[in-house]
Visitor: 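Here's a structure for you.
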Amino acid sequence: MKKRECLEWSEDDEMNKDDDLAEFPLPVPWQNVDAEGLDCDYALLFTKEEAYRLFDRLETEVVYLTGHEARVQVYGKVHDIPRKQAVYGEPGLNYTYSGVKHFARQWIPTLEYIRDSVTKVTGQVFNFVLVNRYKDGLDHMGEHRDNERELDPLCPIASVSLGASRDFVFRHRDARGRGRRRIEPVKLQLVSGSLLLMNPPTNTYWYHSLPRRRAVCQPRINLTFRRIISSDEKGSLMTTSTS
DNA sequence: AATGGCCCAACTCT
DNA sequence: GAGAGTTGGGCCAT
């Protein structure tokens, strides 16, 4: 039996050639993804060429978390997270992942350029980005919601994909566990240069994941731009003290 | 045969 | 103080 070969970039491009998107000036018209409590918008933000240029720059520039910052404890066992993560944003902002607080590194020009490109087509302003790098199809991210308290609940999360295409799955919270409702998952393929906007209240009702895909051998970098409410703003919104 | 989908494990933090 | 969150492995279906 012939062993399955991994796709090269060129073959990837070949596969995408016959979607008619190339003839549109970017970004292509938004495609709305809609379900009960789910509201997303998907578009191509960058051409294939620009996406790979940005990918290459990020490959040399992004500084990822290492050591204990790249590990997580689950059910008493310590694991390396199955991907690499980096955190950039306004000075002082931080992001807590599984109980570990990471302070944002200062913006770098490539990330600012991508951030501003997203702002240009969405009108939304972001002060923070979480970078996830999946070296191949075995790197993945388990099902979760981006519902940290410090996120601005009215701001969409903007997810930019560069590099390999990957499947992306939404599952309704009531469709999980036993005694669940039968709500179909929503599955997307996120291609290089694409932008997925996750609008409220999507993250309240829907979990999302990036499942393992053994056939994928190339890396993908994902940038999720967010708006984090600073502790100052949070403090001013508090109605009572803890006394 | 190999892949994917789904649940579960026990402990920390909110 | 209850409930949610984190990954790998094992079981099952295709």
Side-chain angles (χ1 to χ4, degrees), chain A residues 1-7 12 15 35 37-38 64-87 93-103 128 130-153 157 159 164-190 198 200-220 222 224 226 228-231 233-235 237-243:
Chain A
M1 170 188 143
K2 191 177 171 189
K3 188 172 176 229
R4 166 122 198 218
E5 302 283 327
C6 285
L7 297 179
D12 224 20
M15 287 173 57
L38 183 146
Y64 291 95
L65 304 177
T66 58
H68 79 278
E69 288 198 308
R71 295 191 190 102
V72 66
Q73 185 168 334
V74 183
Y75 288 93
K77 280 186 229 163
V78 175
H79 303 278
D80 289 333
I81 61 171
R83 62 189 169 275
K84 289 205 286 185
Q85 290 191 321
V87 176
L93 289 183
N94 62 75
Y95 165 78
T96 301
Y97 177 75
S98 193
V100 185
K101 189 187 251 193
H102 309 293
F103 281 91
F128 187 88
L130 175 66
V131 183
N132 278 290
R133 183 185 187 275
Y134 305 89
K135 68 176 184 303
D136 57 31
L138 294 184
D139 272 3
H140 63 283
M141 169 122 62
E143 202 168 66
H144 69 287
R145 294 179 290 176
D146 291 312
N147 56 353
E148 295 95 358
R149 280 203 314 275
E150 57 266 23
L151 288 179
D152 183 335
I157 292 175
S159 169
S165 294
R166 289 292 294 264
D167 290 342
F168 187 79
V169 181
F170 285 103
R171 263 175 97 207
H172 195 284
R173 67 177 187 191
D174 296 342
R176 309 167 78 242
R178 39 178 183 46
R180 58 187 176 271
R181 296 173 57 199
R182 273 192 270 281
I183 305 174
E184 280 303 302
V186 175
K187 303 180 181 186
L188 302 174
Q189 193 184 45
L190 304 181
M198 290 179 271
T202 303
N203 266 120
T204 304
Y205 298 108
W206 292 77
Y207 287 70
H208 58 267
S209 66
L210 192 87
R212 266 197 191 90
R213 286 295 178 261
R214 293 174 144 85
V216 175
C217 301
Q218 297 292 333
R220 167 178 182 265
N222 179 65
T224 47
R226 300 133 189 269
I228 291 183
I229 300 176
S230 76
S231 14
E233 289 171 73
K234 266 204 289 195
L237 290 173
M238 284 186 193
T239 53
T240 57
S241 75
T242 55
S243 61

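When reading the values below, keep in mind they use all heavy atoms of this one structure, side chains included, and skip hydrogens, waters and symmetry mates. Here is the naming used below: chain letters follow the sequence lines, and residue numbers restart at 1 for every chain.
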Visitor: Which heavy-atom pair separates A:Tyr134 from A:Pro82 by the least distance, and what is that distance?
Guide: CD2-O, 4.5 Å
Visitor: Keeping A:Arg166 on the side-chain end and A:Pro211 on the backbone end, is there a donor-acceptor pair under 3.5 Å?
Guide: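 Yes: the side chain of A:Arg166 pairs with the backbone of A:Pro211.
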Visitor: May I ask you to verify if any side-chain N or O of A:Arg214 is less than 4.0 angstrom from the OP1 or OP2 atom of B:dG5?
Guide: no
Visitor: Are any of A:Lys187's side-chain N or O atoms less than 4.0 Å away from OP1 or OP2 of B:dG5?
Guide: yes
Visitor: Taking CH2 from A:Trp206 and C1' from C:dA4, how many angstroms apart are they, rounded to a whole number?
Guide: 20 Å
Visitor: Can you see if the side chain of A:Tyr207 gets near the phosphate of C:dG5 - specifically, an N or O under 4.0 Å from OP1 or OP2?
Guide: yes
Visitor: Tell me, what's DNA chain B's dot-bracket, Watson-Crick or G-U with both distances under 3.5 Å, | for other-strand, [ ] crossing?
Guide: .||||||||.||||
Visitor: For A:Val169, is there any backbone N or O sitting under 3.5 Å from a side-chain donor or acceptor partner on A:Arg171?
Guide: no
Visitor: Of the nucleotides B:dT12, B:dC7, C:dT7, which has the atom closest to the A:Arg171 side chain?
Guide: B:dC7
Visitor: Between B:dG4 atom P and A:Leu138 atom CG, what is the distance in whole Å?
Guide: 9 Å
Visitor: Counting just side-chain N and O atoms, does A:Tyr75 come under 4.0 Å of either OP1 or OP2 of C:dA4?
Guide: no
Visitor: In whole angstrom, give the distance that lies between atom NE2 of A:His140 and atom P of B:dG4.
Guide: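 The distance from NE2 of A:His140 to P of B:dG4 comes to 12 Å, rounded to the nearest Å.
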Visitor: What is the distance from CZ of A:Arg176 to C1' of C:dT6, rounded to the nearest Å?
Guide: 11 Å
Visitor: Between A:Phe168 and A:Phe170, how do the two ring planes meet: parallel, tilted or perpendicular, split at 30° and 60°?
Guide: perpendicular
Visitor: Would you mind classifying the nucleic acid contact of A:Arg71 as base, sugar-phosphate or nothing, using non-hydrogen atoms under 4.0 angstrom?
Guide: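 Answer is nothing: A:Arg71 stays at 4.0 Å or more from every strand.
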Visitor: For a quick check of understanding: with a heavy-atom distance under 4.0 Å over all strands, which category does A:Asp167 fall into, base, sugar-phosphate or nothing?
Guide: nothing
Visitor: Relative to the 5' end of DNA chain B, which residue comes earlier, A:Thr96 or A:Gly76, by the nucleotide with the nearest heavy atom?
Guide: A:Gly76
Visitor: Can you tell which of A:His172, A:His144, A:His140 makes a ring-ring contact (aromatic ring centres under 6.0 Å, His included) with A:His208?
Guide: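 For A:His208, the ring-ring contact (aromatic ring centres under 6.0 Å, His included) test succeeds with only one of A:His172, A:His144, A:His140, which is A:His144.
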Visitor: Rounded at 0.5 Å granularity, tell me how far CG in A:Asn222 sits from CG in A:Asn132.
Guide: 6.0 Å
Visitor: Given side chains that start at C-beta, do those of A:Glu150 and A:Ile229 come closer than 4.5 Å, heavy atoms only?
Guide: no
Visitor: Given atom NE2 of A:His208 and atom C1' of B:dC6, what is their separation to the nearest angstrom?
Guide: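 Spelled out: NE2 on A:His208 to C1' on B:dC6 is 18 Å.
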Visitor: Does A:Arg145 have a side-chain nitrogen or oxygen under 4.0 Å from the phosphate oxygens OP1 or OP2 of C:dG5?
Guide: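 Yes.
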Visitor: Could you check how far CG of A:Leu210 sits from P of C:dT6, rounded to whole Å?
Guide: 15 Å
Visitor: Side-chain N or O of A:Arg213 less than 4.0 angstrom from OP1 or OP2 on B:dG5?
Guide: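 It does, given that an N or O in the side chain of A:Arg213 lies less than 4.0 Å from OP1 or OP2 of B:dG5.
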Visitor: Separation of A:Arg212 atom CZ from B:dT3 atom P, in whole Å?
Guide: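 Nearest whole value for this atom pair: 12 Å.
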Visitor: Using a heavy-atom cut-off of 4.0 Å across all strands, would you classify A:Arg173 as base, sugar-phosphate, or nothing?
Guide: nothing
Visitor: On a whole-Å scale, what distance lies between the P atoms belonging to C:dA4 and B:dC7?
Guide: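 So the two P atoms sit 15 Å from each other.
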Visitor: Is any side-chain heavy atom of A:Asp174 less than 4.5 Å from a side-chain heavy atom of A:Tyr205?
Guide: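 Side chain of A:Asp174 against side chain of A:Tyr205, heavy atoms only: no contact under 4.5 Å found.
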Visitor: For C:dA4, does OP1 or OP2 lie under 4.0 Å from any side-chain N or O of A:His144?
Guide: no
Visitor: Using atom NE2 of A:His102 as one end and atom C1' of B:dC13 as the other, report the distance to the nearest whole Å.
Guide: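 Between C1' of B:dC13 and NE2 of A:His102: 14 Å.
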